[in-house]
Protein chains: 2
Amino acid sequence: MVELTNPLIQIKKGALDFCVLAIIARRETYGYEIVKFLGEQGLATSEGTIYPLLARLNKDGLVTAAWRQEDGGNPRKYYRVTAKGETALVMFKQSWLDFIEAVNCILEGGVAHGTRT
Amino acid sequence: MVELTNPLIQIKKGALDFCVLAIIARRETYGYEIVKFLGEQGLATSEGTIYPLLARLNKDGLVTAAWRQEDGGNPRKYYRVTAKGETALVMFKQSWLDFIEAVNCILEGGVAHGTRT
DNA sequence: AAATAGTGCCTTGCTTAGCAAGGCACTATT
DNA sequence: AATAGTGCCTTGCTAAGCAAGGCACTATTT
């Protein structure tokens, strides 16, 4: 009888999703750079994770993509957050805060549960 | 060339694992109660998630299980954390802190990445 | 006594996402 | 010319959360 339509599922299985969204929100960027940046930040991941993830964000309308070639480098697919993406990011952030609060409560709360009636 | 043998994967896909471990660490408990407790804490989940999870923890030697019947109630399978489980929990906690720090850094850090050489 | 709701365990089948591995095309370096 | 790097992508595997449902027992209600 529990409603499971909350965004918790997305958080548990898709924490990376909104991390990537947040990275794109800061400034336009592209997949290869995101992979490297996440690695530097201690969130090592692989291209096999990021590219499908970006395709998902794009399909859901949270980001837009545009090919562009700068200088003499390889052409890159630059991603930019949409208004819908910004909204989603805000909600994601709140869900994230709720989530870590719940987890921290479970971790740190020394009081046993259900001992009092 | 990135080493992906870190515990990050476990965290991303198994945040619940160590939540459950932490709950059991506080005091002996059983599956049905854990499900209800997680729901109260805002981490709604289902029995289809918890029972396989408990079986995994047990198989990995992080918890032990013992059937016991109290009063006139149904027999329950009580779980208790092992020494190995306690150790794993400590490491899990540290990984968790690292993880949320990395995520929060990405979320809150207003400084664009890679702009400086 | 019979029916219902609750407790408490479990499994099957589906879906999703992260990953390793690898491929393709181009550019920069040696 | 050969190697390393950039930058995109896909296929196939595996693991985990979930919905749904089943089974057995107990407590409550009528």
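Residue numbers begin at 1 in each chain, while the letters A, B, ... track the order of the sequences. Side chains included, hydrogens not; waters and symmetry mates left out as well; all remaining heavy atoms used. Values in this document were obtained by computation on a predicted structure and should not be read as measured data.
- Across all strands shown, B:Gly48 has heavy atoms under 4.0 Å from base atoms, whether or not it also approaches the sugar-phosphate.
- At least one side-chain heavy atom of A:Leu21 sits less than 4.5 Å from a side-chain heavy atom of A:Leu62.
- Listed by first residue number, the stems of DNA chain C with at least three Watson-Crick or G-U pairs below 3.5 Å are C:1-30 with D:1-30.
- Take B:Tyr78 and apply the ring pair (Phe, Tyr, Trp, His ring centres under 6.0 Å) test, not counting sequence neighbours, and it matches B:Tyr30.
- For A:Ser46, whose side chain is taken as the heavy atoms from C-beta onward, the closest listed nucleotide among D:dG7, D:dC18, C:dC19 is C:dC19.
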Open item on the list: Please encode protein proximity along nucleotides 24-30 of chain D as a string of B, S and -, counting only heavy-atom distances under 4.0 Å.
Closed with: -BSS---
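- Contact of the B:Ile23 side chain with the A:Ile106 side chain is registered, since non-hydrogen atoms from C-beta on lie closer than 4.5 Å.
- Contact between the side-chain N/O atoms of A:Thr49 and the OP1/OP2 oxygens of C:dA17 is not found at any separation under 4.0 Å.
- For D:dG7, one of the phosphate oxygens OP1 or OP2 lies less than 4.0 angstrom from a side-chain nitrogen or oxygen of A:Tyr30.
- Projected onto DNA chain C by closest heavy-atom contact, A:Asp71 and A:Leu53 fall at different nucleotides, the more 5' of which corresponds to A:Leu53.
- Here the side chain of B:Lys36 is nearest to one of D:dC8, C:dT7, C:dC9, namely C:dT7.
- Residues satisfying the ring pair (Phe, Tyr, Trp, His ring centres under 6.0 Å) test with B:Tyr32, not counting sequence neighbours, are none.
- Put simply, CD1 on B:Ile34 is 16 Å from C1' on D:dG17, counting in whole angstrom units.
- OP1 and OP2 of C:dC9 both lie 4.0 Å or more from every side-chain N or O belonging to B:Tyr32.
- Here C:dT7 presents its P atom at 17 Å from CH2 of B:Trp67, a figure rounded to the nearest Å.
- At a non-hydrogen distance threshold of 4.0 Å, nothing from residues 54-62 of chain B comes into contact with DNA chain C.
- Side-chain atoms of B:Glu47 lie closest to C:dC10 of the nucleotides D:dC8, C:dG18, C:dC10.
- Rounded to whole Å, atom P of C:dA17 lies 15 Å from atom CZ of A:Phe18.
- Contact annotation: the side chain of B:Tyr79 never approaches that of B:Leu57 to less than 4.5 Å [non-hydrogen atoms, C-beta and beyond].
- With sequence neighbours excluded, the residues satisfying salt bridge (Lys or Arg N to Asp or Glu O under 4.0 Å) with B:Glu28 are B:Arg68, B:Arg80.
- As a whole-Å value, the separation of B:Ile50 CD1 from D:dA19 C1' is 15 Å.
- With hydrogens and angles disregarded, no donor-acceptor distance shorter than 3.5 Å links the side chain of B:Thr29 to the backbone of B:Ile24.
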Open item on the list: If you apply the rule salt bridge (Lys or Arg N to Asp or Glu O under 4.0 Å), what do you find for B:Glu33 with B:Arg27, and how did you get there?
Closed with: CA-CA 12 Å; B:Glu33 191 182 38; B:Arg27 69 168 168 79; 3.3 Å; yes
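- In the set C:dA20, C:dG8, D:dC8, the nucleotide with an atom closest to the side chain of A:Lys77 is D:dC8.
- A donor-acceptor distance shorter than 3.5 angstrom exists from the side chain of B:Asn104 to the backbone of B:Ile100, with no hydrogens or angles considered.
- Residues A:Asp17 and A:Arg56 form a side-chain contact, since some pair of their non-hydrogen atoms from C-beta on lies under 4.5 Å apart.
- Results of the side-chain contact (heavy atoms from CB on, under 4.5 Å) test with A:Ile34 over A:Leu16, A:Thr45, A:Val20 single out A:Val20 as the only residue that passes.
- The aromatic rings of B:Phe99 and A:Trp96 sit perpendicular, their planes meeting at an angle over 60°, well past the 30° parallel limit.
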